[in-house]
Amino acid sequence: MVRDLQASARFYESILGFTPALATPDVRFYWTGHDRRHMFALWQLKPDDHEPRKHTGPDVSTWARSHLAFHLALPDFWIAIENLKRCGIEVRGFDGETDEPSVHTWVPALSVYFPDPDGHALEFISVLDEQPRLSLGVISWSEWNRMNA
């Protein structure tokens with residue numbers, strides 16, 4: 001759900017590179033993968049709907065109206081992060097304190113978080129080839145690299 005469908009459509013198309021699938025006055029559908037197997041939709045908020053929350057802190061649960069994760073191959077992950085930064089989008093790790101990607105060690109997967117124009121928490125995630133390490137929780141990318149060197 002978004003406040004301004006046109007502005008959100010520009011963000012998802014121009015910055016994230018989503019491919020339009022269908023556009024109506026109230027909804028935009030997008031293909032999110034190159035294989036046309038995954039879809040994503042933006043819906044225009046109605047005047048009586050609740051407003052999305054604004055980003056006010058490092059913890060995703062305190063600022064996000066919703067959380068969506070998009071899987072990217074590792075080379076694409078790094079390209080996507082650079083594109084976000086070039087577009088002025090703030091990228092954060094899981095703890096919200098750094099712009100360094102985090103590793104969810106139970107998968108393991110590399111991830112970064114960033115807000116869309118309506119305060120939805122978006123995540124780019126890339127599954128790593130290493131073995132999971134359940135006891136480590138979420139750590140920084142640099143710490144993960146030191147442990148796997």
Side-chain angles (χ1 to χ4, degrees), residues 1-130 132 137-145:
M1 301 297 288
V2 297
R3 286 183 301 251
D4 183 337
L5 186 58
Q6 298 301 323
S8 290
R10 283 190 300 277
F11 174 84
Y12 283 89
E13 291 171 26
S14 300
I15 294 176
L16 299 188
F18 285 8
T19 304
L22 175 69
T24 73
D26 296 324
V27 66
R28 297 288 192 281
F29 287 93
Y30 294 96
W31 296 111
T32 60
H34 300 292
D35 56 7
R36 293 175 59 110
R37 292 178 50 201
H38 302 94
M39 292 192 87
F40 174 79
L42 299 172
W43 298 84
Q44 177 67 53
L45 277 169
K46 303 292 185 227
D48 58 341
D49 288 336
H50 296 291
E51 285 288 312
R53 289 185 270 178
K54 300 264 193 230
H55 181 162
T56 59
D59 181 359
V60 169
S61 67
T62 67
W63 61 266
R65 186 160 194 262
S66 63
H67 169 241
L68 302 165
F70 300 100
H71 180 266
L72 298 172
L74 193 55
D76 295 334
F77 178 87
W78 297 112
I79 293 168
I81 290 173
E82 287 308 311
N83 183 56
L84 289 172
K85 290 178 180 179
R86 200 171 32 258
C87 293
I89 306 297
E90 182 181 32
V91 177
R92 294 283 178 207
F94 182 77
D95 64 5
E97 299 296 321
T98 177
D99 64 355
E100 180 181 10
S102 299
V103 176
H104 299 272
T105 64
W106 64 274
V107 179
L110 189 60
S111 74
V112 292
Y113 298 84
F114 56 97
D116 80 352
D118 281 280
H120 300 283
L122 303 182
E123 177 183 7
F124 284 154
I125 189 166
S126 184
V127 176
L128 301 170
D129 289 332
E130 290 86 3
V138 181
I139 61 176
S140 70
W141 174 238
S142 56
E143 187 176 355
W144 178 261
N145 281 330

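Here, residue 1 is the first one in the sequence, and each next residue gets the next number.
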Applying the ring-ring contact (aromatic ring centres under 6.0 Å, His included) criterion to Phe70, which one of Phe18, Phe114, Trp31, Phe77 satisfies it?
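Testing Phe70 for a ring-ring contact (aromatic ring centres under 6.0 Å, His included) against Phe18, Phe114, Trp31, Phe77 leaves exactly one candidate, Phe18.
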What's the separation between atom [atom1] in [X] and atom [atom2] in [Y], rounded to the nearest 0.5 Å?
| X | Y | atom1 | atom2 | result |
| --- | --- | --- | --- | --- |
| Asp4 | Phe11 | CG | CZ | 13.5 Å |
| Tyr12 | Leu42 | OH | CG | 6.0 Å |
| Ile139 | Asn145 | CD1 | CG | 9.0 Å |
| Arg28 | Leu5 | CZ | CG | 4.5 Å |
| Leu84 | Leu122 | CG | CG | 9.0 Å |
| Glu100 | Ile81 | CD | CD1 | 10.0 Å |

What verdict does the side chain to side chain contact (heavy atoms under 4.5 Å, CB included) test give for Leu110 and Leu128, after you've listed the backbone C-alpha separation in whole Å, the side-chain angles of each residue and the deciding distance to 0.1 Å?
CA-CA 7 Å; Leu110 189 60; Leu128 301 170; 4.3 Å; yes
Side-chain donor or acceptor of [X] paired with backbone N/O of [Y] under 3.5 Å:
| X | Y | value |
| --- | --- | --- |
| Ser126 | Leu74 | yes |
| Thr105 | Gly137 | yes |
| Arg92 | Pro115 | no |
| Asp118 | Arg3 | yes |

What is the ring orientation for Phe29 with Trp43, classed by angle as parallel under 30°, tilted 30 to 60°, or perpendicular over 60°?
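If you compare the ring of Phe29 with that of Trp43, the planes turn out perpendicular.
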CA sep, side-chain torsions, deciding dist, call: His71, Val127, side chain to side chain contact (heavy atoms under 4.5 Å, CB included)
CA-CA 8 Å; His71 180 266; Val127 176; 4.0 Å; yes
Which pair of heavy atoms, one from Ala80 and one from Phe124, lies closest together, and at what distance?
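Heavy atoms only, the tightest pair is CB-CE1, 3.5 Å.
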Quick one: are Pro20 and Tyr30 in side-chain contact, heavy atoms under 4.5 Å?
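Yes; the side chains approach each other to less than 4.5 Å.
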